[in-house]
Every structure is written in structure tokens, then in C-alpha cells.
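Structure, as C-alpha cells:
For ligands, and for the atoms within them, numbers begin at 1 and follow the listed sequence.
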Amino acid sequence: MNIVSEETWETLRAHARQAMTKAYAPYSGFPVGVAALVDDGRIVTGANIENASYGVGLCAECSLISELIMTGGGSLVAFACVDGDGNTLMPCGRCRQLLYEHSAEGMLLDTLSGIKTIDEVLPDAFGPRTLRAYQEAH
Ligand code: THU
């Protein structure tokens, strides 16, 4: 269920577009911006930060998670990602895992095929509960 209003989605897209203008993407030429609503009402953002050593470049979601943690933590409620034209972009697989770790129950993502939950875009996810369950059993 999409409990986030269309106005909030537009606010998140606007923050993601603004963040995208800060991207450092000289190698791919593919700037990305992201924004998320935190469960305390904060909005956190990020942009991709590439590197001459291509493989160590950071996705926009990495800088968003850094901002989340460095500004007080919390859980992500809703997330939007845009490309250099400001259009909705699907987060890459690795970044879905990054987001999952910090997701609120039922976290929502703005996707090309509509609003989806984190469980829909990363089904049967490996995460903190997997580790806890194993540790508790051993
Ligand atoms: N990129 C992101 O920042 N997030 C994604 O979810 C998809 C890909 C970046 C990584 C790289 O800097 C550029 O897009 C091209 O792959």
C-alpha cells in the first residue's frame, strides 16, 4: 500500500534532482541523484561519486546512506532515484541491498513500474534478521 502522498513523492523527486546536480561522474557521464524520507521526517540525499580507479566509484545510494548515518540514523520510509535528465531510475542490485539494511518495514520505492515495496524489489532478501536467526541458533 502506498501511504506516501503524491506531494511527498514530488518533494523526494525534487530533492533527488537537486542532489543529482552535485554528482561527480566524469567517467560514465551518467549522473545519479537520490533522496529518501526517514522515519523521523528528515530527508536525506546522495549523488554518485566516481573515481579514476573505476571499480571504487560510489553509487548515489552510498552517499545517501552515509548522510543517513552521519545525521542521526533512522529507517528509510520512501526512496526516489533519478538520472541526469531527472527521470526515475531503478537502483542497481547492490544498492537495493544497501537500502534494505536501513529500510523501515514496508519501505516504498519510486520505480519505472510504479510505487513498490523494498520486498518486491529485493525478494527473500539476505539481511540483519538472517544473521540474527543464525546466531541465535548457534
Ligand atoms: N549508479 C548509481 O549511482 N546508482 C544506481 O543505482 C545505478 C548506478 C551510478 C554508478 C555510476 O557512477 C553510474 O551510475 C553509471 O553506472
Main-chain N/O of Pro91 paired with Arg96 side-chain donor or acceptor, under 3.5 Å: yes
Flag for Thr8-Ser5: side-chain donor and acceptor within less than 3.5 Å: yes
Has the side chain of Gln97 got a donor or acceptor atom that lies under 3.5 Å from a matching backbone atom of Phe126? yes
State whether a side-chain donor-acceptor pair under 3.5 Å links Ser28 with Glu50. yes
Does the side chain of Phe79 come within less than 4.5 Å of Glu61's, by heavy atoms? yes
Who are the residue neighbours of ligand 1 when the rule is a heavy atom under 4.0 Å from any of its atoms? Ser28, Phe30, Val32, Asn48, Glu50, Cys59, Ala60, Glu61, Pro91, Cys92
Charged N to carboxylate O under 4.0 angstrom, Glu6 versus Arg13? yes
